[in-house]
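Below, each value reflects all heavy atoms present in this structure, side chains not excepted, and no hydrogens, waters or symmetry copies. These numbers were taken from a predicted model, which means no experiment stands behind them. Letters A, B, ... are given to chains in the order of the sequence lines, protein chains preceding strands, and every chain is numbered from 1.
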Number of protein chains: 2
Amino acid sequence: MLHDPAQLDLMFQALADPARRQMVDRLSRGPASVSQLAEPLAMSLSAVVQHLNVLEASGLVRTEKLGRVRTCQIEPQALRAAEHWINERRLAWERRLDRLGDFLAEAKDES
Amino acid sequence: MLHDPAQLDLMFQALADPARRQMVDRLSRGPASVSQLAEPLAMSLSAVVQHLNVLEASGLVRTEKLGRVRTCQIEPQALRAAEHWINERRLAWERRLDRLGDFLAEAKDES
DNA sequence: TCGATACTTAAGCACTCACTTCACTATTGC
DNA sequence: GCAATAGTGAAGTGAGTGCTTAAGTATCGA
């Protein structure tokens with residue numbers, strides 16, 4: 001369920017925005033309320049809530065409301081899924097380069 | 001030069017589109033020409049070229065033109081930069097959870 | 001040299017995104 | 001109860017995205 005293209009879409013799209021990355025960065029240092037997330041950002045609270053909704057829809061962030069304050073935290077599994085997608089492609093490419101190197105080395109030995 | 005926010009922006013934005021991720025996926029298995037990249041995609045060649053320009057601007061893909069064919073390959077360093085950003089945030093969060101766990105365990109020992 | 005191939009560029013169009021403001025609904029503390 | 005706090009929801013706007021078609025240019029192969 002974490003590896004379907006639609007979810008990856010949402011995650012990378014969520015990470016594409018600098019304000020949202022800043023929010024993730026803040027949350028990586030511990031949970032925060034909506035206002036705390038908004039504080040360093042030069043935009044309305046409303047805009048922050050909209051960003052937060054994007055992050056939540058992507059699965060990168062989980063929130064819980066207690067009384068009037070909504071507390072947000074990172075969902076590390078989702079981060080891991082995005083990381084994994086990139087890692088697999090990079091490794092595939094690097095393994096390919098290695099095999100190519102081996103092939104060229106062998107070809108040289110035989111000449 | 002690889003870690004500035006603007007470059008990360010371009011990379012995550014590039015990866016946010018399914019067609020572009022499919023292109024990266026294809027390229028992770030080896031270099032390809034523009035037409036080869038376009039072949040499995042249900043869109044005009046022109047659209048593919050535009051996607052390719054986005055990928056190239058992001059630094060994720062490097063292209064080289066020989067005669068009339070443009071050959072594309074993955075730039076693994078850029079992939080690594082995106083991977084690294086995610087990894088650092090995830091690890092920060094997980095280390096935090098670990099410390100919290102230790103604290104709770106200690107508190108329990110002392111009770 | 002001439003037609004086919006492999007892009008390239010530009011213009012245009014529908015749709016989405018990142019905001020804004022304004023009005024509104026819980027909670028909380030005094 | 002009432003003001004302050006914390007967040008929510010809707011409507012609007014301007015800029016950006018993802019395509020399309022159409023009209024190029026450059027190169028290759030016979």
Using whole Å, report how far [atom1] of [X] lies from [atom2] of [N].
X: E64(A); N: dA6(D); atom1: CD; atom2: C1'; answer: 16 Å
X: D9(A); N: dT17(D); atom1: CG; atom2: C1'; answer: 13 Å
X: R70(A); N: dA26(C); atom1: CZ; atom2: P; answer: 16 Å
X: H51(B); N: dG18(D); atom1: NE2; atom2: P; answer: 6 Å
X: L45(A); N: dA26(C); atom1: CG; atom2: P; answer: 17 Å
X: R68(B); N: dA6(C); atom1: CZ; atom2: P; answer: 6 Å
X: Q50(B); N: dC13(C); atom1: CD; atom2: C1'; answer: 13 Å
X: N53(A); N: dT8(D); atom1: CG; atom2: P; answer: 7 Å

- Tell me which of G67(A) and M43(A) sits closer to the 5' end of DNA chain C, going by the nucleotide each one is nearest to.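 The residue closer to the strand's 5' end, by nearest nucleotide, is M43(A).
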- Task: Taking only the side-chain nitrogens and oxygens of K65(B), find out if one of them lies under 4.0 Å from OP1 or OP2 of dT8(C).
- Result: yes
- Message: Does dT21(D) have its OP1 or OP2 closer than 4.0 Å to a side-chain nitrogen or oxygen of S44(B)?
- Response: no
- Task: Test R89(B) against every option in L15(A), D25(A), L27(A) by the side-chain contact (heavy atoms from CB on, under 4.5 Å) rule and name the one that passes.
- Result: D25(A)
- Item | Side-chain donor/acceptor of S46(A) to base of dT21(C), under 3.5 Å | yes
- Message: Using modelled atom types and a 3.5 Å cut-off, is there a donor and acceptor pairing between side-chain atoms of Q13(B) and backbone atoms of D17(A)?
- Response: no
- Choose from dC19(D), dC19(C), dC7(C) the nucleotide whose nearest atom is closest to any side-chain atom of D17(A). dC19(C)
- Task: Evaluate the criterion salt bridge (Lys or Arg N to Asp or Glu O under 4.0 Å) for residue pair E39(A) and R26(A); output intermediate values, then yes/no.
- Result: CA-CA 11 Å; E39(A) 195 264 328; R26(A) 166 63 189 80; over 6 Å; no
- Who passes side chain to side chain donor-acceptor pair (under 3.5 Å) against R96(B), sequence neighbours left out? none
- Message: Using a heavy-atom cut-off of 4.0 Å across all strands, would you classify Q13(B) as base, sugar-phosphate, or nothing?
- Response: sugar-phosphate
- Apply salt bridge (Lys or Arg N to Asp or Glu O under 4.0 Å) to R62(A) and E56(A), showing your working. CA-CA 6 Å; R62(A) 186 161 48 89; E56(A) 202 171 9; over 6 Å; no
